[in-house]
Amino acid sequence: MVNTKVNLCGIEIDNPVIPASGTFGFGYEFAEIYDINILGTFSFKGTTKQERFGNPTPRIAECTAGMINSIGLQNPGIDAVIKEELPKLKSCFHKPVMANVSGFSLEEYAYVCAALDKEPQIGWIEVNISCPNVTKGGMDFGTSEEAAASVTKAVKKATTKPVIIKLSPNVTNIASIASACEAAGADGISLINTLLGMRIDLRTKKPVIANKMGGFSGRAIFPVALRMVYQVKKAVKIPIVGMGGISSARDVIEMMLAGACAVQIGAENLINPFACKEIIESLPDEMNKWGIKDISEIVGGAH
Amino acid sequence: MVNTKVNLCGIEIDNPVIPASGTFGFGYEFAEIYDINILGTFSFKGTTKQERFGNPTPRIAECTAGMINSIGLQNPGIDAVIKEELPKLKSCFHKPVMANVSGFSLEEYAYVCAALDKEPQIGWIEVNISCPNVTKGGMDFGTSEEAAASVTKAVKKATTKPVIIKLSPNVTNIASIASACEAAGADGISLINTLLGMRIDLRTKKPVIANKMGGFSGRAIFPVALRMVYQVKKAVKIPIVGMGGISSARDVIEMMLAGACAVQIGAENLINPFACKEIIESLPDEMNKWGIKDISEIVGGAH
Amino acid sequence: MCINDRFIGGTELKQSIYTVESNKLIASNVYEIVLSGDVSSIVSPGQFVNIKLDGLFLRRPISVADYSADSLTLLIKVIGEGTEALAAMKEGEKLDLLTGLGNGFDLGKGSKSPLLIGGGIGCAPLFMLCKQLCDGGTKPTVVLGFNDKSEIFYEEQFKSLTPNVIITTVDGSGGVKGFATDVIANIDYDYFYTCGPEPMMRAVSKAVVTDGQYSFEERMGCGFGACMGCSCKTKTGSKRICKEGPILESGDIIW
Amino acid sequence: MCINDRFIGGTELKQSIYTVESNKLIASNVYEIVLSGDVSSIVSPGQFVNIKLDGLFLRRPISVADYSADSLTLLIKVIGEGTEALAAMKEGEKLDLLTGLGNGFDLGKGSKSPLLIGGGIGCAPLFMLCKQLCDGGTKPTVVLGFNDKSEIFYEEQFKSLTPNVIITTVDGSGGVKGFATDVIANIDYDYFYTCGPEPMMRAVSKAVVTDGQYSFEERMGCGFGACMGCSCKTKTGSKRICKEGPILESGDIIW
Ligand SMILES: Cc1cc2nc3c(=O)[nH]c(=O)nc-3n(C[C@H](O)[C@H](O)[C@H](O)COP(=O)(O)OP(=O)(O)OC[C@H]3O[C@@H](n4cnc5c(N)ncnc54)[C@H](O)[C@@H]3O)c2cc1C
Ligand SMILES: Cc1cc2nc3c(=O)[nH]c(=O)nc-3n(C[C@H](O)[C@H](O)[C@H](O)COP(=O)(O)OP(=O)(O)OC[C@H]3O[C@@H](n4cnc5c(N)ncnc54)[C@H](O)[C@@H]3O)c2cc1C
Ligand SMILES: Cc1cc2nc3c(=O)[nH]c(=O)nc-3n(C[C@H](O)[C@H](O)[C@H](O)COP(=O)(O)O)c2cc1C
Ligand SMILES: Cc1cc2nc3c(=O)[nH]c(=O)nc-3n(C[C@H](O)[C@H](O)[C@H](O)COP(=O)(O)O)c2cc1C
Ligand code: FES
Ligand code: FES
């Protein structure tokens, strides 16, 4: 018997596998196809103060071993999330959930976090300072140390829940941004969000995505994600949630060796709705294969 | 009949397909397997002032749809390149060649460029300010506007040949670095060099690459490369050589629509030694398929 | 399981492996693929399947053109890598499909003389719709528009269901010369269903005189409601083409 | 063609498609694959082929264990994804290979009683070498080291070539108990050839009393000399394992 339990910012989760924000809705959609209580937890769709339709379509493009999305944070807004989505979730998920939050100003981030602070099912707040698909704010907060630190401070004041800052990979020095967040009080770091990418349609000779560029993710980005998790692990002491291109229990182990204490699965859920279930079910065998008894012992093992 | 000729910094080349530096040796190796005179030109192995063995092995790691390399600029040094490699090349390649140059100080860059300036077969000097595989210099020059501009100025003083600055993709704002190079006198921009990436061996639980990290390239990185070429095209007026993940004539067209006036093929040469030949041979058919008569007319067409 | 009002179709998502029973070129660039396997999740015409293909990341959404107890028929127009791979599938080869996707046409809109308007490959989902309407005792009028004669498919199959089948071609090389919408004015109908390229459906929306249902296409990430990739603004709020669609009712659409 | 002194093997790189004639499990985790196709580029034992596999980016280098006019034999130990895929290949399936890679053993070193020392899967290239030495009229002594009995392969094949075949296993479950290097001291030889894991070859270098040749492994980008991925420092300068190697002479190696 192997142990797959890990501790994420003071909360123990049954296994390190977490569906990533934006690829798992508000969870209950997946509850129709399998019992989502097998998950460590999951990160729900990026939530903002106001309701958002998001970007014009097409919002999706195919890539070799990956995809581009340009959803633009479509969500019903924090009030509807609290009034409608969370009650639905409660009926099918009995564990703490990770709230994914976005904003276009410090005030908006703080407002949403304060609102979520009162919700008992919220275990962690994952603050997305890295969405490449929104024009003002969003991405910019994730591309400088100062801005990242200022968001961290603002949300830390607004909530008592553990705050995990989600970083953008589209930067020169990810480690220094992670350090800035740690210094500003972050309880954890999650990375990577999508790489900024683009495709052009040869039929129309114009960008496939209506917004021209979008966020590139899926298996193709795994080596970049792994490298960044490794770099951030060297720079900070707080827990790291690693993601980017994970598609198997093997990848989970590799990401944890790089320094992640838990992982998220994004694009893979979209092409295989059972991805997280399959990864969780195969994790014990994979651990045995590599002689791992306790998954939390390998965190950062490659350093 | 379609026209595949393009003009690169004042020199007309028969087609826009250029094997990328580091994946085509000094050219004559490939002359054994096909007539390399069908190429537009090619960029030879990154050359430094001194001979270099490069990094310890393993230097290569497999990735989904790509690979990591950590060669570390192995090359015989500028004197041996001029004395031994270029004469060999001359016997099998009858077109201007692109010299790829690296250095660890402004003086070294200038020294190598000055030496190459006297070589009649050198058509362009491609200045690599972006190699992720060397510890001092190298990458750092490519990650700030000031450093990129200072290298550009130094090499422009040292040579009368067209100077193409090769940028690193591992930066927050590629367009501003390209602009800085343009302002400093660059005649062209080439991009992207490899993304910094990493893999861990589950058997040893340590990084696969002896140097831990390396440069990630191949098909997987195409959407990132395309996006950066698109962004740089918006920022500069000088010609752009686009590369990163190109593996077919289709990709060549997509990259040129993004803004490249010529393209380079890297990792694909390693898994298919005939890649450039096949791409060149299929380009006219592919152009016909998409209704393109003259390849130079589509440059930047997606804007 | 939780109560989930978003799953308006009420069907269950299933992932399973199917075997290619046959694959035939039936018109210029159009293939008819018959698959055998679990069809229990397919509950209404207008639903689609999402197909995994080797070497491609995203699945490819294709309407169910017909199904029986243990087989389903897809009609595929080749336009890119994925549909090319489908066209090349051989008897006995396996395909990984998600089924039970999309709301499907709502046949409960009680109509005596429905009109079906298809454009090109958009005729595919109308076949199963036509079959079920006929099974229910109504004989719809069917208008199928193509560019030219070489593109016409399933003419006989539709005619075996209902006598009222009108083919149009833009260049007049087959059937009536003109657009599908050109012949609508002369038809008696009290409801309509349409599927085809968006410009055609936009023209339909101007030509029709009754309510009806439209089948839409959008680039999809997942096809089952998880990614918000396929959202579309409607008069009753944002809808996912893969989930609350692909069929939208005329009163709901913002053209 | 240009004169190129780097191509010391003088063989030509070829890319072609091969058909799997047979694939057999011949020892614990070791498969023997016979391929038919163009072998014109294979000119000496110790050369290798580089194999493209679906879904994997880099090719996988595998030594030629044997070849005839139109077929070649590979012996493969399963260690990861690529070798797993090879183990799963079925008769009639196709493989894309680069052939003509590597310098190969130099048989021109005029030896009357050569010694061949193989370790595990490293025994593979020694088979073809042994065959050619025997064809040339010398009967080499062959020492093949394995971990245990289950891993032993090609014992009979080697014995059919030369009477002097010694098998060793670390746990004594087959042949002589111990390491391959343990039995060398009692053998009369005037030259040697070895291939095996690096720790074994290092032990060989300490145990041998004559000159000889070693076959090395390195992670490869291209396998044909283009990328400098496989470089190795030697006493006569930097060499590419895929090009100036994989066979290096004892006097050249920096341990
Ligand atoms: C609900 C629905 C039902 C469909 N039913 C059918 C059908 O019955 N028969 C049929 O031939 N086609 C149908 N299509 C269109 C079909 O999905 C596309 O032709 C196909 O995805 C193109 O893939 P490709 O790889 O050949 O083209 P590529 O252009 O190489 O595909 C690139 C990407 O764009 C997407 N894409 C391209 N065109 C479309 C499109 N028109 N709609 C949605 N995504 C697209 C692809 O899925 C892929 O992700 C349907 C689409 C939808 C949304
Ligand atoms: C010149 C040469 C000859 C060889 N001959 C044989 C042979 O005859 N039979 C045999 O079974 N094996 C042989 N090998 C080793 C064989 O190449 C590896 O076992 C194989 O590449 C592993 O691939 P994988 O996908 O199964 O493992 P993975 O670990 O998944 O491979 C990941 C990457 O590492 C590389 N790699 C892993 N192990 C090795 C290794 N030992 N040497 C080189 N690259 C490695 C792979 O090629 C791939 O790029 C030879 C290697 C070389 C260099
Ligand atoms: C369709 C889609 C929507 C996403 N939406 C969000 C979001 O709302 N908030 C967020 O923090 N990340 C979002 N992401 C990023 C993912 O959570 C994840 O960081 C990224 O996709 C990398 O992981 P992957 O390679 O496993 O997909 C989204 C990704 C995808 C593919
Ligand atoms: C093995 C290898 C060696 C490389 N060496 C160099 C080099 O010496 N100088 C340089 O500017 N780029 C070098 N590169 C980067 C390539 O020229 C190219 O920018 C990069 O690989 C992206 O293109 P690709 O995806 O087609 O490989 C090297 C790449 C590889 C794979
Ligand atoms: S395609 Fe993912 S929600 Fe519709
Ligand atoms: S593997 Fe590329 S040079 Fe040897």
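Within every chain, numbering begins at 1; the chains are lettered A, B, ... in the order of the sequence lines, protein sequences first and strands thereafter.
The most heavy-atom pairs under 4.5 Å with chain C, out of A/A220, A/G66, A/G218, come from A/G66. Of the listed residues (A/C63, A/G22, A/G25), the greatest number of heavy-atom pairs within a distance under 4.5 Å of chain C belongs to A/G22. With chain A as partner, the option from C/A226, C/G55, C/S231, C/G223 having the largest number of non-hydrogen pairs under 4.5 angstrom is C/S231.
The environment of NZ in C/K52 is crowded: more than 12 heavy-atom neighbours from other residues, nucleotides or ligands sit within 6.0 Å. Residue-environment remark: CD (A/Q50) stays at or below the threshold of 12 foreign heavy atoms within 6.0 Å. In the displayed structure, A/K90 atom NZ is contacted under 6.0 Å by at most 12 heavy atoms of other residues, nucleotides or ligands. Within a 6.0 Å radius of NZ in A/K277, other residues, nucleotides and ligands contribute 12 heavy atoms or fewer. Counting heavy atoms of neighbouring residues, nucleotides and ligands inside a 6.0 Å radius, atom OH of C/Y67 exceeds 12 of them. More than 12 heavy atoms of other residues, nucleotides or ligands lie within 6.0 Å of NZ in A/K206, so this atom counts as buried by the packing criterion.
At least one side-chain heavy atom of A/P273 sits less than 4.5 Å from a side-chain heavy atom of C/L98. In this structure the side chain of C/C227 reaches within 4.5 angstrom of the side chain of A/I60, judged on heavy atoms. The closest side-chain heavy-atom distance from A/L270 to C/M220 is not below 4.5 Å. Side-chain contact between A/R59 and C/M228: present, with at least one pair of heavy atoms (C-beta onward) separated by less than 4.5 Å. Taking 4.5 Å as the limit, every side-chain heavy atom of A/T64 sits out of range of all side-chain heavy atoms of C/F57.
Looking at A/N37, there are no atoms closer than 4.5 Å to chain C (heavy atoms on both sides), in backbone or side chain. For C/L56, the parts lying under 4.5 angstrom from a heavy atom of chain A are both the backbone and the side chain. Within the 4.5 angstrom heavy-atom criterion, no atom of A/N75 approaches chain C. For chain A, no part of C/K14 is nearby; none of its heavy atoms comes within less than 4.5 Å.
Contact record, C/E218 with A/T57: OE1-OG1, 2.9 Å, taken as the closest heavy-atom pair. The shortest heavy-atom contact between C/S238 and A/F53 is CB-CD1, 3.8 Å. The shortest heavy-atom contact between C/R219 and A/P58 is CG-CB, 3.9 Å. Of all the heavy atoms in A/I271 and C/L58, the pair that sits closest is CG2-CA, 4.0 Å.
Residues in residues 55-65 of chain C take part in these side-chain hydrogen bond (donor to acceptor under 3.5 Å, both in side chains) pairs, two or more places apart or across chains: A/E62-C/R60, C/R59-C/D96.
Paired with C/F224 under the rule ring-ring contact (aromatic ring centres under 6.0 Å, His included), one option of A/F24, A/F274, A/F30 passes, and it is A/F30.
In this structure, the separation between CD1 on A/I71 and SG on C/C230 is 8.5 Å, given to the nearest 0.5 Å.
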